[in-house]
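Down below is the structure, laid out as structure tokens.
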Amino acid sequence: MVQVVFRHGARSPLKPLPQEDQQVEWKPQLIEVPPQTQLDYTVTNLAGGPKPHSPFDSQYRETTLKGGMFAGQLTKVGMEQMFALGERLRKNYVEDIPLLSPTFNPLEVFIRSTNIYRNLESTRCLLAGLFQRQKEGPVVIHTDEASSEVLYPNYQYCWNLQKRTRGRRQAASLQPGISEDLKKVKEGMGIASSDEVDFLVLLDNMAAEQVHNLPSCPTLKRFAWMIEQRAVDTASYILQWEDREGLQMAVGPFLHILESNLLKVVDPATPPSKTRKLYLYAAHDVTLMPLLMTLGIFDHKWPPFAVDLTMELYQHRESKEWFVQLYYRGKEQVPKGCPDRLCPLDKFLNTMSVYTLSPEKYHMLCSEAQVMGLGNGK
């Protein structure tokens, strides 16, 4: 069994830089759909009912970028990246190891995505590459309501997580090292110090411009390495490694899903109809960073577009023991607490258990601060 958590493909920036002369043109030609990525799919909620409303997509459409595209739109480059990832998975799990049928079969594959259009479309392109647009049955992508989404840290609806991290993004820009570097870049770009531009906004624009070969501002190019490092420092300051409960609320429920899938497969009592050979999860950079942190394999680099974290489950033919093998960006990883790249399942589950949260515990932890606040008469 294989589980793949991936970031969507390349997209337009989420928030443009403040000055018009620093902005590149995002023209509609950039979102043309490559014919090889075409594939019909249906989106449902987790129970198989109608697709929930997507508040994020409504917000993105409120921001029109210079050139005419909307913020956060998947581009042709992004679609091609996802198709290439699908082809790589095909080589691994259809050709090299015949785990999957060469044609999409809904009994073999479970697909879940955040309810954001660029992620749904990224998933389409990945599947088109993985199954070469061949299917035996409908492709259904499951999504959740924004209020209960766990495929990214849900700052909006997990009250305690919101309370803990509130103010950390602003505070990060004032940290020694980060603040001096931010001043240097903003001055170089002619951005007023009062403008709310931090390293996360700078990296978002820089990464999007670079991957599309658009003519970036010279200052962004000159400080490219530093901008990425400082964006990672900012995100690490917001998440804070040592804040176990914070990381639990950020990705604990998602870890619980990945763990449940593993446990279902190894439990002999599970009927075959209740498991799949491949689980696909379309997520975000803000999902992957804390996931990598909890597994002890974060490389202090920003997760690029179309990156994947892949978890393989093996059973030894003779001893019948179970093992997990982890890959990030296609490279073998040794998770924290594991003796080797082939990690005994119990040791791997042990590493996950530090941060895993059941839905009940998650809701309890998320509302904890709220309850305490009410108790204090606030």
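Excluded from the calculations below are hydrogen atoms, water molecules and symmetry mates; all remaining heavy atoms, backbone and side chain alike, are included. Along the sequence shown, residues carry numbers from 1.
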Q | Pair D243 + R168, salt bridge at N-O below 4.0 Å | A | yes
Q) Side chains of Q3 and M1: does their closest heavy-atom pair fall under 4.5 Å? A) yes
Q: For residues I297 and L326, determine if any side-chain heavy atom of one lies less than 4.5 Å from a side-chain heavy atom of the other.
A: yes
Q. Taking atom types as modelled, is there a side-chain donor on Y314 or E321 under 3.5 Å from an acceptor on the other?
A. no
Q. Can N115 and K51 be counted as having a side-chain donor-acceptor contact under 3.5 angstrom?
A. yes
Q) Any Lys/Arg nitrogen of K277 or E108 sitting under 4.0 Å from an Asp/Glu carboxylate oxygen of the other? A) yes
Q. Any side-chain donor-acceptor pair under 3.5 Å between Q162 and Q156?
A. no
(Q) Checking H212 against W26 for the ring-ring contact (aromatic ring centres under 6.0 Å, His included) test, could you report, in this order, the C-alpha distance in whole Å, the side-chain angles of both residues, the deciding distance, and whether it holds? (A) CA-CA 10 Å; H212 294 97; W26 291 93; 5.1 Å; yes
(Q) Could you tell me if Q134 and T103 have a donor-acceptor pair between their side chains, going purely by distance under 3.5 Å? (A) no
Q. Where does the angle between the aromatic ring planes of Y279 and Y281 fall among parallel (under 30°), tilted (30 to 60°) and perpendicular (over 60°)?
A. parallel
Q | Under-4.0 Å salt bridge between R90 and E95 | A | yes
(Q) My understanding is that only one of R11, R118, Q73 makes a side chain to side chain donor-acceptor pair (under 3.5 Å) with Y60; could you say which? (A) R118
Q. Around atom CD of E196, are there more than 12 heavy atoms of other residues, nucleotides or ligands at under 6.0 Å?
A. no
Q: Would you please test D96 and K91 for salt bridge (charged side-chain N to carboxylate O under 4.0 Å, His left out) and show each step?
A: CA-CA 6 Å; D96 294 354; K91 185 182 183 310; 2.8 Å; yes
Q) Does the pair K186/D195 count as a salt bridge with the N-to-O cut at 4.0 Å? A) no
Q. Is the shortest distance from a Lys or Arg side-chain nitrogen in R169 or D198 to a carboxylate oxygen in the other one below 4.0 Å?
A. yes
Q.
For a quick test of reading the model, state the closest non-hydrogen atom pair linking L130 to L100 and the distance between them.
A. CD1-CD1, 4.3 Å
Q: Would you mind reporting whether R230 and L182 have side-chain heavy atoms less than 4.5 Å apart?
A: no
Q: Would you check, one step at a time, whether the test ring-ring contact (aromatic ring centres under 6.0 Å, His included) holds for F298 with H300?
A: CA-CA 6 Å; F298 184 45; H300 296 274; 5.2 Å; yes
(Q) Check whether Q229 reaches the backbone of A224 with its side chain - one donor and one acceptor, N or O, closer than 3.5 Å. (A) no
Q | Stepwise ring-ring contact (aromatic ring centres under 6.0 Å, His included) test for F110 and H142 | A | CA-CA 8 Å; F110 173 82; H142 301 82; 4.7 Å; yes
Q) Using a distance-only test with no angle check, is there a side-chain donor-acceptor pair under 3.5 angstrom linking Y362 and E360? A) no
Q.
Could you tell me if Y157 and E145 have a donor-acceptor pair between their side chains, going purely by distance under 3.5 Å?
A. no
Q) Is the closest basic N to carboxylate O distance between D181 and K184 below 4.0 Å? A) yes
Q) V307 versus F6: any side-chain heavy-atom pair under 4.5 Å? A) no
Q | Neighbour count above 12 (heavy atom, 6.0 Å) for D40 CG | A | no
Q) Checking salt bridge (Lys or Arg N to Asp or Glu O under 4.0 Å) against D308, which of R88, R329, R7 comes through? A) R88
(Q) Taking atom CD as the centre, does E242 end up with more than 12 heavy-atom neighbours from other residues, nucleotides or ligands that are less than 6.0 angstrom away? (A) yes
Q. Does NZ belonging to K183 count more than 12 external heavy atoms closer than 6.0 Å?
A. no
